[in-house]
**Q** 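What follows is a structure written as structure tokens; I'll ask about it next.
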Amino acid sequence: MRLSKYFVPTLRENPSDAEVVSHKLMVRAGMIRKVAAGIYNYLPMGLRVIRKVENIIRKYMNEAGAIEILMPAVVPAELWKESGRWNVYGKELLRFKDRHDRDFCMGPTHEEVVTDIVRNEIKSYKDLPVNLYQIQTKFRDEVRPRFGLMRGREFIMKDAYSFDVDDEGAEKSYGLMRDAYCKIFESCGLKYKVVEADSGAIGGNFSHEFMVTAETGEDFVISCDSCDYAANVEKAPVIDNFEEDDEVEKPIEKIETKNQKTVEEVAKFLNVETKKVVKTMILKAGDEIVAVMIRGDHELNLAKIKNFLNAPFVEFATPEEIVKATNGPLGFSGPIGINVKIYADNAVKKLKNYVVGGNEKDIHLINVNHTRDFKVTAFSDFINAKPGDKCPKCGGTYVITKGIEVGHIFKLGTKYSKSMNATYLDKDGKQQYIVMGCYGIGVGRTAAAAIEQNHDEKGIIWPIQIAPFEVVIIPINTDDEDVVNLSETLYKKLLKKNVEVIIDDRNERAGVKFNDADLVGYPIRVNIGKKTLENGEVEIVIRKTGDKINCKKDDALSEILRIREELY
Ligand SMILES: O=C(C[C@@H]1CCCCN1)Cn1cnc2cc(Cl)c(F)cc2c1=O
Ligand SMILES: [Mg+2]
């Protein structure tokens with residue numbers, strides 16, 4: 001490809017709405033342009049990377065025996081009504097009507113559509129197992145799309161769905177997908193971790209996420225410093241090895257705590273440790289309002305509460321709901337005298353004589369004890385794990401890192417086959433529900449994660465596996481015949497060797513060409529200039545290491561091929 005004939009609108013400045021480096025660099029490198037919030041054009045350089053990621057995904061999905069299909073982006077509401085999800089999702093599900101006033105949505109995921117295919121076409125155990133996948137455009141109307149392709153509203157996803165006769169078969173399918181994902185992310189040149197994850201609202205409660213390790217990741221990964229245990233913080237259990245307060249129960253007292261808002265302020269004002277100030281969170285779990293109590297020095301984990309209560313979703317109650325539940329204002333909720341069920345974290349169970357909100361403005365109660373003053377429906381693990389907590393597998397110590405979720409695989413069980421009646425006739429002629437799994441990869445997010453993990457102050461450092469081009473040739477003095485001739489000859493030789501090469505034949509200063517090459521992030525740069533040509537040499541620069549190799553012009557082709565091989 002010739003840059004003089006191509007379309008790579010690079011920019012010097014960062015776009016003002018870009019907060020993370022991959023968003024900044026994808027725009028500056030001329031890879032994407034925003035059309036609307038969370039909706040992007042893929043320009044040529046961006047599209048080449050996306051297509052490379054897709055083809056790597058296809059290679060290993062096909063190798064694992066999955067079969068590619070393509071389902072519609074526009075999905076009839078009927079299917080989502082059958083699965084019962086039409087009314088579960090809120091504004092994130094983009095709904096609309098067609099000219100006949102019929103309801104549709106832009107598919108955010110395709111469990112319903114693919115289950116409809118299988119229930120119509122698969123009748124016998126002989127037709128199973130089958131794994132169908134697509135690489136297709138999804139739409140999720142995120143309330144705050146940001147970070148470019150990392151959290152878009154329209155995005156390309158590879159989504160696969162496995163169908164088996166039983167759990168054992170589903171386990172096998174899950175294993176095949178997990179192995180395929182490892183090969184996919186390895187082949188994209190990414191460092192990643194497989195972590196146990198929360199399944200969210202999709203169903204089942206067994207899933208793993210593939211996390212690209214990067215400081216700018218939004219997800220927190222808890223891993224053990226002694227064994228291979230790793231989990232999203234939403235999932236990582238906190239062992240109940242809290243020590244018991246050994247003090248006698250003191251009489252409860254009401255204290256005015258004017259203008260003391262935070263746990264720290266209240267603790268300081270009452271001269272107690274923060275762990276003794278117990279927070280009472282009023283939550284909406286499905287259609288029930290509940291109270292959950294945790295120690296002041298701990299963080300609430302909504303996913304653990306959702307799973308414990310088996311609720312479709314859990315969110316913070318509104319101020320009105322809080323007043324209704326506690327007869328007190330926001331910020332002073334406590335367990336005494338409230339008319340909702342109370343759950344408490346395991347750590348609270350070991351406390352004596354602690355502080356709680358008084359369900360009145362600026363009022364706290366001290367010397368409160370759950371053994372005497374109120375009823376706890378159940379104690380369990382409702383908090384986020386922290387570094388230093390103990391590993392449930394080996395007793396080692398938790399450490400915490402940041403990650404970008406690029407893949408998520410789930411065991412679905414029979415949630416969709418039951419609600420949509422997808423069955424097969426088993427060996428004994430009995431109708432059985434099909435057992436499913438589903439497996440997603442964010443294509444754009446994978447490209448963005450690669451940048452988050454591989455960049456420097458000059459720009460992107462593409463892993464060669466997903467680089468838009470492998471080699472860029474830069475003729476420095478475009479007015480010098482020898483420079484131009486050698487550049488063109490080398491360009492043609494590399495093309496003949498099927499090297500993905502681009503030549504920067506623009507009539508631009510060398511500095512502009514070098515800056516663009518480093519910004520766009522080509523793995524190998526070949527500088528051809530008068531100076532080096534005087535001693536018959538060209539300069540090869542490796543973007544990843546910055547190494548500069550001068551080599552005889554006649555050896556340039558073989559040297560480039562050698563370096564290229566090494567980078568894969
Ligand atoms: O999508 C999944 C699970 C897997 C992920 C891999 C590929 C197959 N699906 C979970 N999920 C996430 N966000 C959603 C957003 C909306 Cl608006 C919705 F209606 C449904 C979903 C939804 O179900
Ligand atoms: Mg996920």
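First listed ligand is number 1; within each ligand, the first listed atom is number 1.
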**Q** Hey, is the Mg ion (ligand 2) within less than 2.8 Å of some N/O/S atom on Glu209?
**A**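 Under 2.8 Å: Glu209 has no N, O or S contact with the Mg ion (ligand 2).
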**Q** Between OE2 of Glu405 and ND1 of His408, what angle is found at the Mg ion (ligand 2), rounded to 10 degrees?
**A**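 Angle ND1(His408)-the Mg ion (ligand 2)-OE2(Glu405): 100°, rounded to 10°.
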**Q** I'd like to know whether CD of Glu299 has more than 12 heavy-atom contacts from other residues, nucleotides or ligands below 6.0 angstrom.
**A**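 No - once you tally the heavy atoms of other residues, nucleotides and ligands closer than 6.0 Å, there are 12 at most.
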**Q** Tell me if the centroids of the rings in Phe410 and His408 come within less than 6.0 Å of each other.
**A** yes
**Q** Please output the residues near ligand 1 using a strict heavy-atom distance under 4.0 Å, listed in chain and residue-number order.
**A**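 Contacts of ligand 1 under 4.0 Å: Trp80, Arg85, Tyr89, Glu92, Leu93, Pro108, Thr109, Glu111, Arg140, Met157, Asp159, Tyr161, Ile202, Phe410, Cys438, Tyr439, Gly440.
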**Q** Please check if the side chain of Arg95 supplies one atom and the backbone of Asp103 the other of a donor-acceptor pair under 3.5 Å.
**A** no
**Q** Is it true that Phe206 and Tyr174 have ring centroids separated by less than 6.0 Å?
**A**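 Yes, ring centres under 6.0 Å apart.
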**Q** Are Tyr181 and Phe210 close enough that their ring centres sit under 6.0 Å apart?
**A**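 Yes, ring centres under 6.0 Å apart.
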**Q** Would you check, one step at a time, whether the test side-chain contact (heavy atoms from CB on, under 4.5 Å) holds for Arg28 with Leu519?
**A** CA-CA 8 Å; Arg28 283 188 50 210; Leu519 173 62; 3.8 Å; yes
**Q** Between Ile282 and Thr280, is there a side-chain heavy-atom distance shorter than 4.5 Å?
**A** yes
